[in-house]
There are 2 protein chains.
Amino acid sequence: MGTSERIERERHAKRALIMDAARELFLERGYDAVTLRQIAERIEHSTTAIYVHFADKFDLFQQLVHDDFRRFDDALTRHAGIADPVERLQRIGRAYVEFALTMPRSYEMMFMRPQLKAEFEKVPPTSGGAEPGKAAYQTLVATCVDLVHQGRLRPGLIDPLAVAQAVWSAVHGLVTLQLRCEHEPELQWRSREEVLGVLMTMICEGILRPTA
Amino acid sequence: MGTSERIERERHAKRALIMDAARELFLERGYDAVTLRQIAERIEHSTTAIYVHFADKFDLFQQLVHDDFRRFDDALTRHAGIADPVERLQRIGRAYVEFALTMPRSYEMMFMRPQLKAEFEKVPPTSGGAEPGKAAYQTLVATCVDLVHQGRLRPGLIDPLAVAQAVWSAVHGLVTLQLRCEHEPELQWRSREEVLGVLMTMICEGILRPTA
DNA sequence: CCTGTTACGTAACGGTGTTACGTAACAGAT
DNA sequence: ATCTGTTACGTAACACCGTTACGTAACAGG
C-alpha cells in the first residue's frame, strides 16, 4: 500500500511549507531579524513544528542557502559549453553579476555572511554528493585552464587557479560593493553598467594576451 | 578650578575602558557572540554602566568601527603624496590589502557586515566633521583623476569615478574572498601573494595605456 | 484491539538587549 | 555648612529569543 509514500509526501510538503515561509522572511529581513516564532506564526504552527524538520535555526537557514547555491550553479554552468574560452569567461562573469544583483539577498546569504564556521553536514539534502557552488567554481577554473592551454593569457600568467581566483575576486567585489554603495549619494556611485563595463575591460585587457 | 575637567577626563577614561574591553571581545568572537554582560563583567561593572556611555550595543560597536576607519584612512592617505599616479595607485592598493589582511576582524566590521541601515549620527565622536573612510576614498578618486588627466589610462576609460570604483571592487573582492576561502582545502586557494600578484597585474595592465 | 512511532502543541528554561527605579557621590549655590 | 540638582551606576525586572522537556493525539502495522 502507498500509505508510507503518502506520509513521506506530506512530510516533504510540510518541510517545504516551512522553508517557503522562512525564505520569504529571511530575504525580507535578514537572518538575525527573523524569529522562529515569526516563521511558525506565518504558517500557523508552533515553533516546535520547525524542530521536527530542522535541527535548529541555522540548519533551516543553511538549507535555503543550499537551494540558492543550486540555482547559482545552474546559472553559471549554463555557459560551460561555449567553445571560445574568452567569450565563455565573459558570459560567466556577466551571469555571475546578474545573479547577484537580481537576487541580492540570496547572494548575501551565500557569500556575505560572517564566517559560517563548520558546515560539513551537507550530504543528506543532495544525493549527488557534490556540494553546491562547486560546479560553478569548477566551470570558472576549467575556463581558465583552457585560456592557459590555448595561450590566450599574458606571458606571466601560468597558474589557472590563481587567475580564476583573481577574476572571481574582482567580480565578487563588484557585486558586494555595488549592493552596499549604489545608494550612498556621497560616494557618487556609478551605475551597474558603467562599473561593470570598466571591470570587464580591466579583466579582459588585464589578463588576455594582446591580439593585435 | 579644574574639577570639571577632571570629571570629563574620568568620564572619557571609563568610556575608553569599556571600548577596550568591547574591542577585544568583538575582535575575538564577532558581534553577535558578544554579550553586554560579558563586556560588563570583564571591566567589573554592571551592564547599566555601558548604557551611561553608549546608546545601545550597536552604538558601542559603531564607535569601535569608527576608530578602525580612522586608522584605515591613515594607512591609505599616507601614500597620497606620491607624485606618479601609477605608483601611487599600486601603493594604495597594497596598503589596502595589507590593512585588511593584518586586521581581518576590523575589516569585517567595516565592510563585511549585512547592511548597516541608518548611520547618520556620527558627528559627535569626530569634531572634524568628515566621516571616516571618506579620506581614503578621496585619495583613491584623486589618483584616478590624475591618471585620466595625464592620459595614462586606456582610451575608453574617461570616468575617474567609475575607474576608482572598479579598482576598489577588485581589491575589496580579493580580501573578502581571501579571508573566507584561504583555509578551505577543496578550493585549493592560492597564497595571498600569488592572487594579489595576478590581481595587480590585471588592474594595471587592464586600465593603463600600454607604454611600449 | 493493541503498540510503537511520529508530529506537534504547551509551557518552561536560560540567556539576551534594554530599562524603570533607587541611591550614593558630589559640584555649585546659598 | 547645608541644600539641591545632576550624574554614574547597581538591582531587578521586562519582553523576547532559541531551544527543549513533556504530554498527547493521530495513526500505521501487527
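A note on names: the letters A, B, ... follow the listed sequences, proteins ahead of strands, and every chain is numbered from 1.
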Check the distance between [N]'s [atom2] and [X]'s [atom1] and give it to me in whole angstrom.
{"X": "Arg9(B)", "N": "dA27(C)", "atom1": "CZ", "atom2": "P", "answer": "13 Å"}
{"X": "Ile39(A)", "N": "dG18(D)", "atom1": "CD1", "atom2": "C1'", "answer": "11 Å"}
{"X": "Lys14(B)", "N": "dA25(C)", "atom1": "NZ", "atom2": "P", "answer": "14 Å"}
{"X": "Asp59(A)", "N": "dG18(D)", "atom1": "CG", "atom2": "P", "answer": "15 Å"}

Which heavy atom of Ser106(A) sits nearest to which heavy atom of Asp68(A), and what is that distance?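 Minimum heavy-atom separation between Ser106(A) and Asp68(A): OG-OD2, 3.2 Å.
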Nearest non-hydrogen partners of Lys57(B) and Tyr31(B), listed with the distance: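 For Lys57(B) and Tyr31(B), the tightest heavy-atom pair comes out as NZ-O, 3.2 Å.
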A correct 5'-to-3' footprint of nucleotides 9-22 of chain C, with B, S and - meaning base, sugar-phosphate only and no protein heavy atom under 4.0 Å, is BB-B---BBBB---
Say you draw a straight line from CG of Leu17(A) to CD1 of Ile39(A); how long is it, rounded to the nearest 0.5 Å?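 Result: 11.0 Å between the selected atoms.
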What's the spacing between Arg71(B) CZ and Asp74(B) CG if we round to 0.5 Å?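 CG of Asp74(B) is found 9.5 Å from CZ of Arg71(B).
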Are His66(A) and Gln62(A) packed together at the side-chain level, in the sense that at least one heavy-atom pair is separated by less than 4.5 angstrom?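 Not in contact.
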Give the ring-plane orientation class for Tyr107(A) versus His172(A), where under 30° counts as parallel, over 60° as perpendicular and anything between as tilted.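 Taking His172(A) first and then Tyr107(A), their aromatic rings sit tilted (interplane angle of 30° to 60°).
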